[in-house]
Amino acid sequence: MALLDIHLLGSPVLRATAAEIVAVDDATREFIDSLYETMDAAEGVGLAANQVGVTTRVAVIDADGQRFVMVNPKIVLAMGRDKAEEGCLSIPEVYADVTRAAQITLEAQDRDGAAYRLEAGGLVARAIQHEIDHLDGILFLDHLSPLKRQVMVARYRREHRGESLTRSVAPPSSKRS
Ligand code: ZN
């Protein structure tokens, strides 16, 4: 396991489409462990491979007491609309209301490659949709109106001009409350 650097808005990998994982092997499992470790250290509710510079279809979720990995995830059913505020570990300190499906059915594989199906609502459904978007190179700002997105991206760029396109995450033990 290792803490991985998180890629930030402007890093091209966040716009890449991640590739299907053909076989879930030990290397995949080791990567999944590192994703969990990095998500926990960054205090996120989800983290997708693109966000740590890897373009394979895997993401982890920890929301509302549910903690799971999604390998090759697909939303097979989506119902209703729900609007709530979102943020993203790759776009620090930027928040906006995003409308997404309220209830979804997910199909994915677990860390052993076994297929599973999960019905989700609330924050879990939102986190799943947000992370699958990442695997398709989509960011939550893309769901806003073009004008609102332009304003927020311009402000972010202004505030972060000249900064690195990745950030390292401090291990939990070094954090202060
Ligand atoms: Zn995100």
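Worth saying up front: this structure is predicted, and the values here are computed from it rather than measured. Atom set for the values below is all heavy atoms of this structure, side chains included, hydrogens, waters and symmetry mates excluded.
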Check the pair M152 / V94 against side chain to side chain contact (heavy atoms under 4.5 Å, CB included), numbers first and verdict last. CA-CA 8 Å; M152 296 187 85; V94 175; 3.5 Å; yes

Close side-chain approach of F140 to R126, heavy-atom, < 4.5 Å: no

Checking side chain to side chain contact (heavy atoms under 4.5 Å, CB included) between T38 and each of V169, L89, D33, D5, which is the one that passes? V169

Do Q103 and D82 touch side chain to side chain, with heavy atoms closer than 4.5 Å? no

Using a 3.5 Å cut-off and no angle test, enumerate the donor-acceptor pairs between side-chain atoms of residues 14-25 and protein atoms at least two apart in sequence or in another chain.
from : atom 1 : to   : atom 2 : distance (Å)
R15  : NH1    : G137 : O      : 2.9
R15  : NH1    : D142 : OD2    : 2.6
R15  : NH2    : D142 : OD1    : 3.1
D25  : OD1    : A27  : N      : 3.2
D25  : OD1    : T28  : N      : 2.9
D25  : OD1    : T28  : OG1    : 2.7

Is it the case that the side chain of E107 and the backbone of R117 share a donor-acceptor pair, with hydrogens and angles ignored and the cut-off at 3.5 Å? no

Compare all side-chain heavy atoms of I132 with those of L106 and state whether any distance is below 4.5 angstrom. yes

Applying the side chain to side chain donor-acceptor pair (under 3.5 Å) criterion to E86, which one of H143, R100, Q129 satisfies it? R100

From NE2 (H7) to OG (S164), nearest 0.5 Å: 9.0 Å

Hey, are the side chains of S168 and L3 touching, using non-hydrogen atoms and a 4.5 Å cut-off? no

Measure the CD1-CD1 distance between I6 and I91 for me, rounded to the nearest 0.5 Å. 12.0 Å

Linked, directly or transitively: L47 and V45 (ILVMFWY side chains, under 4.5 Å): no

Donor-acceptor contact below 3.5 Å, side chain T105 vs main chain V76: no

V54-V58 co-clustered via ILVMFWY side chain contacts under 4.5 Å: yes

Do D136 and R57 sit within salt-bridge range, that is, some charged N less than 4.0 Å from a carboxylate O? yes

Can you list the steps and then say if L8 with E163 is a side chain to side chain contact (heavy atoms under 4.5 Å, CB included)? CA-CA 10 Å; L8 300 171; E163 292 180 13; 5.9 Å; no

Any side-chain to backbone donor/acceptor pair from E131 onto A48? Under 3.5 Å, distance only. yes

Report the C-alpha separation of L9 and S90 in whole Å, then their side-chain angles, then the decisive distance to 0.1 Å, and conclude whether the side chain to side chain contact (heavy atoms under 4.5 Å, CB included) test is met. CA-CA 6 Å; L9 183 64; S90 293; over 6 Å; no

For side chain to side chain contact (heavy atoms under 4.5 Å, CB included), just list the numbers for I128 and L118, CA-CA rounded to whole Å, side-chain angles, deciding distance to a tenth of an Å, and then say yes or no. CA-CA 11 Å; I128 290 169; L118 176 76; 4.1 Å; yes

Salt bridge D40-R67, side-chain N to carboxylate O under 4.0 Å: yes

Heavy atoms of A125 and A102 approach each other most closely as CB-O, 3.8 Å

Between Q51 and C88, the two heavy atoms sitting closest are NE2-SG, 3.7 Å

In this structure, would I75 and I61 fall into the same cluster of hydrophobic residues linked by side-chain contacts under 4.5 Å? yes

To the nearest 0.5 Å, what is the distance between OH on Y36 and CZ on F31? 12.5 Å

Would you say that H134 contacts L139 through its side chain, given a criterion of any heavy-atom pair below 4.5 Å between the two side chains? yes

Just so I know, are the side chains of L135 and P73 near enough to count as touching, which here means a heavy-atom distance under 4.5 Å? yes

Would you check if M70 and Y116 make a side-chain contact, meaning some heavy-atom pair closer than 4.5 Å? yes

Minimum heavy-atom distance S11-L165, with the two atoms named: CB-O, 3.9 Å

Mind checking the NE2-CG spacing from H130 to L123? Nearest 0.5 Å is all I need. 11.0 Å

Considering all heavy atoms, the nearest R111-V69 contact: N-CG1, 3.7 Å

